Colleague: 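Below you will find the structure I want to go over with you.
What's counted below: heavy atoms across the whole structure, side chains too, no hydrogens, waters or symmetry copies. Everything numeric here is computed off the predicted structure, so don't read it as measured data. Note that ligands are numbered from 1 as they come in the structure, with each ligand's atoms numbered from 1 the same way.
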Amino acid sequence: MSDDHRRPRVAFLGLGRMGTPMARHVLTAGHDLTVWNRSPGKTEPLAAAGASVAGSPAEAAAGRDVVVLMLADPDAVEQVLFGPDGVAAGAAPNTLVVDGSTIGPDASRRMAERLREPRLRYVDAPVYGSVGPATEGTLGVLAGGAEADVAAARPLLELWGDPKQVRHVGPTGAGSAAKLVRNLTLGLALAGIGDALRLAATLELPGDVVDELIAAGPLGAAFPGVRQILAAGPPETASFTVDMLTKDLRLCLAAEPRLPLVDAARAVGEAVHADGHGPDDTRALPLLMRDAQR
Ligand code: NAP
């Protein structure tokens, strides 16, 4: 980071559902912002709001103090950091890489290790909440990395979430690890509601009684908004897809294979994907489970 007191110059790579509103907060806070996205069309709204657009991750990272990644999975992060024209080829030594993607602790540690040689710093900072909280700046952020690096990243992280919701969990990979634990509970709650709905349908219980029981029961508390979804169906526009959740469950199993319920939820996610519903919002999952091959 530079020594002067100007705002860090930021590159933001990955302008999907989450990246776009998060990058917008960076711009609104007055940072000089360069953006890059694999599909170039998604840079247009931020370019219209004043961001510069780079032609590659290397070009985006050149001359920046901080490079933020908000990418789909470990392969995407690896390609954007170390592929041809990747961040590692363009960033100056001492640049801080802040990785908001959910990629699991092993991948986070691997990225940090590989960035050591070009002397780039790395903080894993996956977020929880979804597109609504990303737009409002009320995400939770789970950071892992060296004290000084997380402290340097904190002003940016606090653009995405309330300061109390921005936690330094531990060393590199700890933020990614915490994020997996958090999403495990989401996956199990959704799959549990799906099983409950299916049992209720098989037993021919009245829908309103079932909706009430589930919404007021322990899993309903774990999944706010479930009553509305049971009554009105899932949203048409996906915020957090079934495929993303299934990716997270796979990452949980990569870290600890002896998670029988996670393994079952992963298999459900993969079956939903095979039925063509992977891009659906996760809130559709219980209803898809209820109706599968009926
Ligand atoms: P998304 O809308 O699908 O966006 C994914 C981004 O990754 C896009 O910019 C995409 O580029 C890019 N990408 C994928 N593969 C790539 C590759 N091989 N090389 C370069 N870029 C690649 O996903 P999202 O919902 O924003 O999620 C992003 C991350 O945040 C994920 O790790 C997810 O688990 C996590 N997350 C999501 C939510 C949520 O509610 N959505 C909440 C918390 C955390 P293209 O535009 O070219 O496809």
Side-chain angles (χ1 to χ4, degrees), residues 11-25 35-46 51 53-61 67-88 98-105 107-108 111 124-143 157 160-161 165-166 175-187 190 223-225 234-235 237-252 269 273 278-285:
F12 202 112
L13 315 186
L15 301 173
R17 294 174 182 86
M18 295 296 283
T20 295
M22 290 167 69
R24 197 174 281 279
H25 287 298
V35 295
W36 173 86
N37 194 66
R38 179 181 62 176
S39 313
K42 291 187 191 169
T43 60
E44 282 165 18
L46 283 151
V53 177
S56 70
E59 187 187 319
V67 176
V68 181
L69 310 179
M70 197 59 195
L71 300 163
D73 53 29
D75 286 349
V77 172
E78 191 139 19
Q79 282 163 26
V80 168
L81 286 178
F82 305 110
D85 282 333
V87 169
V98 175
D99 188 1
S101 328
T102 302
I103 62 171
S108 291
M111 303 305 161
D124 44 300
V127 302
Y128 60 91
S130 193
V131 176
T135 306
E136 290 153 15
T138 55
L139 292 166
V141 185
L142 299 164
L157 306 182
W160 303 323
Q165 297 286 93
V166 176
S176 289
K179 172 65 199 281
L180 290 190
V181 170
R182 207 258 174 199
N183 269 23
L184 176 156
T185 63
L186 174 65
L190 287 164
F223 185 44
T237 310
S239 290
F240 183 51
T241 64
V242 172
D243 281 344
M244 283 287 181
L245 177 64
T246 308
K247 175 260 300 178
D248 292 349
L249 298 175
R250 278 194 218 101
L251 290 170
C252 292
H273 174 90
D280 289 11
D281 193 275
T282 38
R283 288 166 285 183
L285 192 66

Colleague: Of all the non-hydrogen atoms in the protein, which one sits nearest to atom 9 (O) of ligand 1, and at what distance?
Modeller: Asn37 OD1, 2.7 Å
Colleague: Go through ligand 1 atom by atom and flag the ones less than 4.0 Å from a non-hydrogen atom of Gln79.
Modeller: 17 (C), 18 (N), 19 (N)
Colleague: Select one of side chain, backbone, both or neither to describe which atoms of Leu15 lie under 4.0 Å from any atom of ligand 1, heavy atoms only.
Modeller: backbone
Colleague: Does some non-hydrogen atom of Asp75 fall short of 4.0 Å from ligand 1?
Modeller: no
Colleague: Please check if the side chain of Asn183 supplies one atom and the backbone of Leu186 the other of a donor-acceptor pair under 3.5 Å.
Modeller: no
Colleague: Would you confirm whether Asp281, through its side chain, and Ser239, through its main-chain N or O, come within 3.5 Å as a donor-acceptor pair?
Modeller: yes
Colleague: Is it true that a side-chain atom of Arg17 and a backbone atom of Ala238 form a donor plus acceptor pair closer than 3.5 Å?
Modeller: yes
Colleague: Would you confirm whether Asn37, through its side chain, and Lys42, through its main-chain N or O, come within 3.5 Å as a donor-acceptor pair?
Modeller: no
Colleague: Hey, does the side chain of Lys179 reach the backbone of Val127 with a donor-acceptor pair shorter than 3.5 angstrom?
Modeller: yes
Colleague: Evaluate Met70 for polar contact with ligand 1, using N/O atom pairs at a separation under 3.5 Å.
Modeller: no
Colleague: Distance under 4.0 Å to a non-hydrogen atom of Lys179: what atoms of ligand 1 satisfy this?
Modeller: 43 (C), 44 (C)
Colleague: Looking only at protein heavy atoms, identify the closest one to atom 7 (O) of ligand 1 and say how far it is in Å.
Modeller: Ala72 N, 3.2 Å
Colleague: For the pair His25 (side chain) and Thr135 (backbone), establish whether a donor and an acceptor sit closer than 3.5 Å, ignoring hydrogens and angles.
Modeller: yes
Colleague: Does the Lys247 side chain pair with the main chain of Thr102, one donor and one acceptor, at a distance under 3.5 Å?
Modeller: yes
Colleague: Ligand 1 and Ser101, any nitrogen or oxygen pair closer than 3.5 angstrom?
Modeller: no
Colleague: I need the minimum non-hydrogen distance between Pro235 and Arg283, along with the two atoms involved.
Modeller: CG-NH2, 3.4 Å
Colleague: Answer with side chain, backbone, both or neither: which part of Ser39 has a heavy atom less than 4.0 angstrom from an atom of ligand 1?
Modeller: both
Colleague: Is there a donor-acceptor pair under 3.5 Å between the side chain of Trp160 and the backbone N or O of Met22?
Modeller: yes
Colleague: Is a donor on one side and an acceptor on the other found under 3.5 Å between the side chain of Thr282 and the backbone of Phe240?
Modeller: yes
Colleague: With atoms numbered from 1 as shown, which atoms in ligand 1 lie under 4.0 angstrom from a non-hydrogen atom of Val80?
Modeller: 20 (C)
Colleague: Tell me, which protein residue and heavy-atom name are nearest atom 43 (C) of ligand 1, and how many Å apart are they?
Modeller: Val127 O, 3.3 Å
Colleague: Are any non-hydrogen side-chain atoms of Leu15 and Pro45 less than 4.5 angstrom apart?
Modeller: no
Colleague: Which ligand 1 atoms does Gly14 reach within 4.0 Å, using its non-hydrogen atoms?
Modeller: 9 (O)
Colleague: What are the atoms of ligand 1, with element, lying closer than 4.0 Å to any heavy atom of Lys247?
Modeller: 31 (C), 32 (O), 33 (C), 34 (O)
Colleague: Counting only heavy atoms, tell me which of Val131, Leu71, Thr20 gets closest to atom 28 (C) of ligand 1.
Modeller: Leu71
Colleague: Arg38 to ligand 1: N or O pair under 3.5 Å?
Modeller: yes
Colleague: Out of Met18, Arg17, Lys42, indicate the one that has the non-hydrogen atom closest to atom 37 (C) of ligand 1.
Modeller: Met18
Colleague: Any chance you could measure Leu184, atom CG, to Asp248, atom CG, to the nearest 0.5 Å?
Modeller: 10.0 Å
Colleague: Go through ligand 1 atom by atom and flag the ones less than 4.0 Å from a non-hydrogen atom of Gly129.
Modeller: 40 (O), 42 (C), 43 (C)
Colleague: Is there at least one pair of N or O atoms, one from Thr102 and one from ligand 1, spaced under 3.5 Å apart?
Modeller: yes
Colleague: Please could you name the atoms of ligand 1 that Ser130 approaches to less than 4.0 Å, counting only its heavy atoms?
Modeller: 39 (C), 40 (O)
Colleague: Number the atoms of ligand 1 from 1 as they appear, then name those within less than 4.0 Å of a heavy atom of Met244, with their elements.
Modeller: 3 (O), 23 (O), 27 (O), 31 (C), 33 (C), 34 (O)
